Each structure stands twice: as structure tokens, then as C-alpha cells.
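Note that this is a predicted model, so its numbers are computed, not measured.
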Amino acid sequence: MKISVVIAAYNEAGNIGPLTKRLISTLDAFDHWELIYVIDGTDETCAIAETFAASRPEIRILHNAQPSGLANAFRRGFAAVSSDADVVISLDADLNHQPEEIPRLVNALTSRNADLVIGSRKVSGSATSGAPLWKRTLSDTVNRFMRRLAGMPVADMTSGFRVYSRKAFRQISFSSVGFAFLPEILIRAHGEGLRIVEEPIQFIFRVDGESKMKLIPTALSYLKLFAVRFFTLGKNVVMRVRLAFAGSTRT
């Protein structure tokens with residue numbers, strides 16, 4: 001089995017070293033793996049990652065001095081995944097997600113007959129530590145709202161810790177440019193009949209650096225996603241009604 005891990009990083013000089021060490025230790029348990037860093041910015045993040053890549057050919061770095069946004073970074077990273085990858089994993093660069101949980105999430109693909117596994121903060125057995133109360137409350141509210149609008153059995157639609165089977169990875173697509181690409185992928189995957197499951201994770205709020213999620217731009221990206229979704233659904237309903245009416249008049 002070949003594992004491909006894709007991580008987008010922007011100004012994460014304080015986290016990239018510890019993260020990479022823990023990833024290497026975890027991924028070495030697999031027969032074949034690759035780690036693709038998509039690094040934006042001009043701080044020391046890229047230089048630190050390159051020190052690891054110099055001795056580990058499994059690590060590849062895509063660097064862009066100008067920040068392109070999280071969705072665009074993942075587009076570049078996903079496009080760089082090797083064609084023979086059996087499993088593709090995404091997680092955050094800020095140590096919110098624990099690399100040591102990767103094997104359990106990968107195992108869930110087969111043990112739960114899943115196409116896509118979400119490392120979830122919202123299911124039984126999960127734990128969140130260090131996050132401010134306002135941020136946890138906002139996350140819970142946003143996820144409940146999106147879950148109802150999307151009509152999906154997923155509690156944590158905004159988690160970036162995910163494991164995709166080869167089948168799911170080949171089918172996923174997204175058009176959003178902000179953080180909304182995360183729920184968009186799930187909505188599209190659900191619409192294509194892919195089996196999505198959630199596994200509990202330990203989420204530890206970052207202790208170094210600043211969050212890149214800005215409240216207003218992120219909220220607007222979510223609103224745009226669902227506005228487009230319901231506009232499309234509305235057009236489809238109108239079309240079906242027109243076709244039905246046309247059929248009844250002909251008879």
C-alpha cells in the first residue's frame with residue numbers, strides 16, 4: 001500500500017519541524033509513502049522542510065512565495081499526488097491534528113468499508129483541548145447549520161483531517177476558493193454515492209503561530225457555497241416541474 005500525505009502550510013515555521021519528525025516516524029510503518037508539502041510564504045517554513053527533504057526523498061515541496069489560499073494550495077498538492085497512490089491523506093500543518101492517528105484512520109477505510117474517512121471532532125470518543133470557548137461554539141454552530149442545509153449524515157464537515165481511498169480521490173472535485181472547499185468535497189462525494197464515515201480524533205489547538213482562518217472571508221465562502229448549491233437545486237426542481245407539466249399536457 002502506498003500512502004500519499006498532502007499538507008498545505010503558510011507561515012508555520014514553528015510547527016513544520018516537529019510535524020515532519022512525527023510524520024516520518026508514523027509513515028515509516030507503511031511500506032511506501034510520500035509527503036507533499038505545499039508551502040506558501042517567505043518565512044522559514046520552506047527552508048526547514050527542505051532540511052528534511054534533503055535526506056528523505058519521500059518528501060516533496062511545492063513552494064510559492066505569494067499565498068494562494070488554502071483551496072488553491074490543495075489543488076496543487078492533490079495534482080502532485082503519485083498516480084500509484086492507494087490512499088491520500090490531508091491534515092493541517094499547525095499540529096491541530098496528531099500524525100500518530102493516521103494508521104487508525106487508514107485502517108478504518110477497510111474495516112468500515114468506507115471511501116472517505118473524516119478525522120472528526122464531533123463524534124463520540126473525540127477530544128478537543130486548548131481551543132477557546134468561542135471558537136468551539138462557532139465550530140459547533142457552523143457544522144450543525146451546514147449539516148442541515150446539506151442534508152448529510154456528517155457531524156464535522158469542516159475537518160481537514162481526511163483519508164481518501166483511491167476511488168474517492170479520483171472522484172473528488174471542488175470549485176471553492178476558501179475554506180468552503182472542505183464541506184464542498186463532502187457534498188459532492190455524498191452526491192456521487194461515496195461512503196463517508198467519521199472516526200474520533202484528538203484535536204489540540206495550536207500553540208505556535210496564528211490561525212489562517214479569518215471569520216468574515218470564511219463565512220462568506222460558506223454562504224457562497226450553499227447559495228450556489230440551492231440555486232442549482234432550485235433550477236433542477238423547476239426543470240423537473242416543467243418536464244412533468246409538458247408530459248401531462250401531451251397526454
Side-chain angles (χ1 to χ4, degrees), residues 1-10 12 15-40 45-46 48-64 68-120 159-174 181-182 184-186 188-189 192 194-199 201:
M1 175 185 291
K2 182 169 183 176
I3 306 293
S4 181
V5 179
V6 180
I7 299 177
Y10 174 49
E12 295 289 355
N15 294 313
I16 200 74
L19 172 63
T20 307
K21 289 179 182 178
R22 292 169 62 183
L23 280 167
I24 290 173
S25 178
T26 299
L27 294 173
D28 272 343
F30 294 97
D31 293 332
H32 304 285
W33 60 270
E34 65 179 359
L35 171 57
I36 301 171
Y37 276 131
V38 185
I39 300 176
D40 287 352
T45 303
C46 188
I48 295 171
E50 285 174 343
T51 63
F52 291 94
S55 59
R56 297 300 303 244
E58 301 95 335
I59 301 176
R60 287 188 282 149
I61 300 172
L62 308 177
H63 181 238
N64 184 31
S68 58
L70 187 65
N72 287 328
F74 270 102
R75 281 192 185 90
R76 292 164 59 206
F78 286 161
V81 168
S82 297
S83 60
D84 61 344
D86 298 297
V87 175
V88 179
I89 302 168
S90 65
L91 67 154
D92 294 349
D94 53 12
L95 294 176
N96 281 336
H97 302 140
Q98 311 312 301
E100 294 78 13
E101 295 189 297
I102 287 176
R104 177 170 57 83
L105 269 60
V106 170
N107 183 64
L109 273 178
T110 52
S111 65
R112 300 185 64 184
N113 192 30
D115 298 302
L116 197 165
V117 177
I118 302 171
S120 177
S159 172
F161 198 175
R162 298 178 178 180
V163 178
Y164 302 89
S165 68
R166 179 185 294 186
K167 172 186 174 182
F169 182 71
R170 288 177 174 176
Q171 290 184 230
I172 63 171
S173 61
F174 56 93
F181 88 96
L182 290 169
E184 182 185 356
I185 286 176
L186 298 184
R188 289 175 179 258
E192 294 179 8
L194 297 176
R195 176 167 166 74
I196 305 170
V197 303
E198 294 180 89
E199 282 286 316
I201 60 169

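Within the 4.5 Å cutoff, no side-chain heavy atoms of Arg56 are placed close to those of Leu23. Contact annotation: the side chain of Leu186 approaches that of Leu116 to within less than 4.5 Å [non-hydrogen atoms, C-beta and beyond]. Val87 places none of its side-chain heavy atoms less than 4.5 Å from the side chain of Phe30. Inter-residue side-chain proximity for Leu35 and Glu58 is flagged as unmet; no heavy-atom pair is nearer than 4.5 Å. Contact of the Lys21 side chain with the Phe52 side chain is registered, since non-hydrogen atoms from C-beta on lie closer than 4.5 Å. Between Asp84 and His32, the closest side-chain pair of non-hydrogen atoms is not below 4.5 Å. Contact check for Ile48 versus Thr20: no side-chain heavy atoms found under the 4.5 Å cut-off.
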Go through it in stages, so that I can follow the logic: the residues are Ser159 and Glu198, the test is side chain to side chain contact (heavy atoms under 4.5 Å, CB included), and I'd like the CA-CA distance, side-chain angles, deciding distance and then a yes or no.
CA-CA 10 Å; Ser159 172; Glu198 294 180 89; over 6 Å; no
Step-by-step side chain to side chain contact (heavy atoms under 4.5 Å, CB included) determination, Gln171 to Asp115:
CA-CA 10 Å; Gln171 290 184 230; Asp115 298 302; over 6 Å; no
Under the criterion side chain to side chain contact (heavy atoms under 4.5 Å, CB included), I'd like the reasoning laid out for Ile24 against Trp33: C-alpha separation, chi angles, the key distance, then a yes or no.
CA-CA 9 Å; Ile24 290 173; Trp33 60 270; 4.1 Å; yes
Does Glu199 form a side chain to side chain contact (heavy atoms under 4.5 Å, CB included) with Arg112? I'd like the steps, not just the answer.
CA-CA 10 Å; Glu199 282 286 316; Arg112 300 185 64 184; 2.9 Å; yes
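Checked by atom type, the side-chain pair Glu34/Ser4 shows a donor-acceptor distance below 3.5 Å.
Between Arg188 and Glu192 there is no salt bridge, since no side-chain nitrogen of the basic residue lies less than 4.0 Å from a carboxylate oxygen of the acidic one. Using a 4.0 Å cut-off between a side-chain N of Lys or Arg and a carboxylate O of Asp or Glu, Asp86 and Arg166 qualify as a salt bridge.
Asp94 approaches Asn96 most closely through the heavy-atom pair OD2-ND2, 2.8 Å. Shown here for Leu182 and Gly160, the closest heavy-atom pair between the two residues is CD2-CA, 4.0 Å. Listed here is the closest heavy atom pair of Leu62 and Ala80: CD1-CB, 3.9 Å. The minimum heavy-atom distance between Ala9 and Ile16, with the atom names listed, is CB-CD1, 4.4 Å. Across all their heavy atoms, Asn15 and Ala93 have their closest contact at CB-O, 3.4 Å. Here the closest non-hydrogen pair linking Val106 and Ile89 is CG2-CD1, 3.8 Å.
Expressed to the nearest 0.5 Å, how far CG of Leu194 lies from CD1 of Ile172 amounts to 9.5 Å. Atom CE of Met1 sits about 7.5 Å away from atom CG of Leu109, to the nearest 0.5 Å. Interatomic distance, Phe74 CZ to Ile7 CD1, rounded to the nearest 0.5 Å: 7.5 Å. To the nearest 0.5 angstrom, Ile3 atom CD1 is 7.5 Å from Leu27 atom CG. Atom OH of Tyr10 and atom OG of Ser68 lie 10.0 Å apart (nearest 0.5 Å). Residue Ile102 holds its CD1 atom at 5.5 Å from CG of Leu91, rounded to the nearest 0.5 Å.
Of the possible donor and acceptor atoms, one in the side chain of Ser165 sits under 3.5 Å from a partner among the backbone N and O of Ala168.
Checked options Val6, Val5, Leu19; the residue passing with Tyr37 is Leu19 (criterion: side-chain contact (heavy atoms from CB on, under 4.5 Å)).
Residues passing the side chain to side chain contact (heavy atoms under 4.5 Å, CB included) test with Ala71, sequence neighbours excluded: Arg75, Phe174, Phe181.
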